[in-house]
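First the proteins, then the strands, lettered A, B, ... as listed; each starts at 1.
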There are 2 protein chains.
Amino acid sequence: MTKSPPTSDPAALDALDRRLLTELAVDGRITNSALARRLGVAESTCLQRVRALRERGVIRGVHADIDLAAVGYPIQAVVKVRLGSHNRDHVASFHEVIAQVPGALRILHVGGEDDYLIHVAVASTQELRDLVLEHVNVHPVVRHTETQIVFEEIPGVGVL
Amino acid sequence: MTKSPPTSDPAALDALDRRLLTELAVDGRITNSALARRLGVAESTCLQRVRALRERGVIRGVHADIDLAAVGYPIQAVVKVRLGSHNRDHVASFHEVIAQVPGALRILHVGGEDDYLIHVAVASTQELRDLVLEHVNVHPVVRHTETQIVFEEIPGVGVL
DNA sequence: CCTGAAAGCCCCATGTT
DNA sequence: AACATGGGGCTTTCAGG
């Protein structure tokens with residue numbers, strides 16, 4: 001052990017912060033006054049809390065959830081990728097490549113059977129094929145890919 | 001062919017709608033007046049468009065993006081699930097079970113080697129084990145699960 | 001469908017406890 | 001750290017093009 005745990009965690013969240021985050025996760029456009037009312041605190045207090053959480057990076061941003069099928073991307077898939085080498089430089093250069101994959105909803109570097117899982121949304125199956133061939137398989141460190149079509153997304157209970 | 005395509009798609013989006021959606025996907029808390037200014041239309045027009053898109057379900061909601069590690073869920077994983085039977089009733093009952101998995105960020109029903117991919121966030125590896133054993137493997141239709149730890153999420157370019 | 005104006009409400013800086 | 005206040009800005013409705 002070369003470092004001891006912090007005596008007071010600067011990232012500690014109290015109950016008010018947690019309730020606030022839960023509300024904003026459900027409705028990111030709730031007004032500050034409505035949020036303050038719901039939490040039972042003054043508007044100014046509420047505003048200060050939200051700002052602090054933003055500045056600390058606990059709130060990363062607020063984003064609209066768009067129906068991708070309605071905007072021309074009716075097809076989703078998960079592309080599982082396995083590399084032939086896990087050399088640090090190869091992995092780094094691969095990161096730069098997959099970060100540019102058009103239509104990527106989420107890119108995860110994982111441990112286990114696969115190395116990367118890429119969740120994508122595309123306009124057509126042709127586009128999906130082109131995406132895999134031209135943006136993933138092109139990289140020489142890629143040994144294997146497998147594409148799984150998304151039939152359905154099942155709404156879960158979430159984490160908050 | 002038992003039905004012909006609609007002569008005018010009620011879900012058609014024009015260029016204004018698309019620009020508006022892109023802005024809201026980036027910053028879901030942008031004010032209506034700022035959005036109107038950016039798009040070069042009257043505030044009332046902008047408000048009406050956003051409302052219509054919400055009512056049509058194109059905008060599903062607006063949610064805060066929270067740093068899960070900061071709120072006590074530092075570990076993420078993807079659980080790949082394979083079923084022993086693809087009978088419709090079995091699948092339906094399995095849906096109800098996995099929809100209740102605590103900490104599920106995303107649940108995808110996919111085609112191919114696996115049947116389901118569950119992206120979860122948990123407080124500890126112990127909790128991860130318990131989650132898989134008690135909420136996924138318990139179901140008799142589950143033949144196989146494999147859990148892959150998420151090392152890193154790589155920011156992509158997105159779809160909009 | 002889009003606009004402009006007007007009433008009302010919200011945001012948030014400031015001062016106080 | 002939390003609260004009360006007030007000016008300026010934002011939201012939202014509605015009549016009109």
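To the nearest angstrom, P of dC10(C) lies 12 Å from CD1 of Ile30(A). For the pair Gln48(A) CD and dC11(C) P, the computed distance is 16 Å after rounding to whole Å. Note: CZ (Arg54(A)) to C1' (dC12(C)) measures 15 Å, nearest angstrom. Atom CD in Glu43(A) sits about 16 Å away from atom P in dG7(D), given to the nearest Å. What separates CZ of Arg29(B) from C1' of dC12(C) is a distance of 13 Å, to the nearest Å. Computed from coordinates, the Asn32(B) CG to dT3(C) P distance equals 12 Å when rounded to whole Å. Look at CZ on Arg51(B): it is 10 Å from P on dC14(D), rounded to the nearest Å.
Across dT11(D), dT13(D), dC2(C), the shortest atom-to-atom separation from the side chain of Thr31(B) is found for dT11(D). Checked against dC1(C), dT12(D), dC10(D), the side chain of Arg37(B) finds its nearest nucleotide in dC10(D). For Leu47(A), the side-chain atoms get nearest to dC12(C) when compared with the rest of dC12(C), dC10(D), dT3(C).
Ring planes of His109(A) and Tyr116(A): parallel class, angle under 30° (limits at 30 and 60°). Between Phe94(A) and His139(A), the two ring planes are perpendicular [angle over 60°; tilted spans 30° to 60°].
Look at Asp115(A) and Arg143(A) and you find no salt bridge, because none of the NZ, NE, NH1 or NH2 atoms lies under 4.0 Å from a carboxylate O.
Between the base of dA4(D) and the side chain of Ser44(A) there is a donor-acceptor pair shorter than 3.5 Å.
When each of Val81(B), Val138(B), Val79(B) is paired with Val132(B), the side chain to side chain contact (heavy atoms under 4.5 Å, CB included) condition holds for Val79(B) and for no other.
The phosphate of dA2(D) has OP1 or OP2 within less than 4.0 Å of a side-chain N or O from Arg49(A). Between dT11(D) and Ser33(B), a contact under 4.0 Å exists linking OP1 or OP2 to a side-chain N or O.
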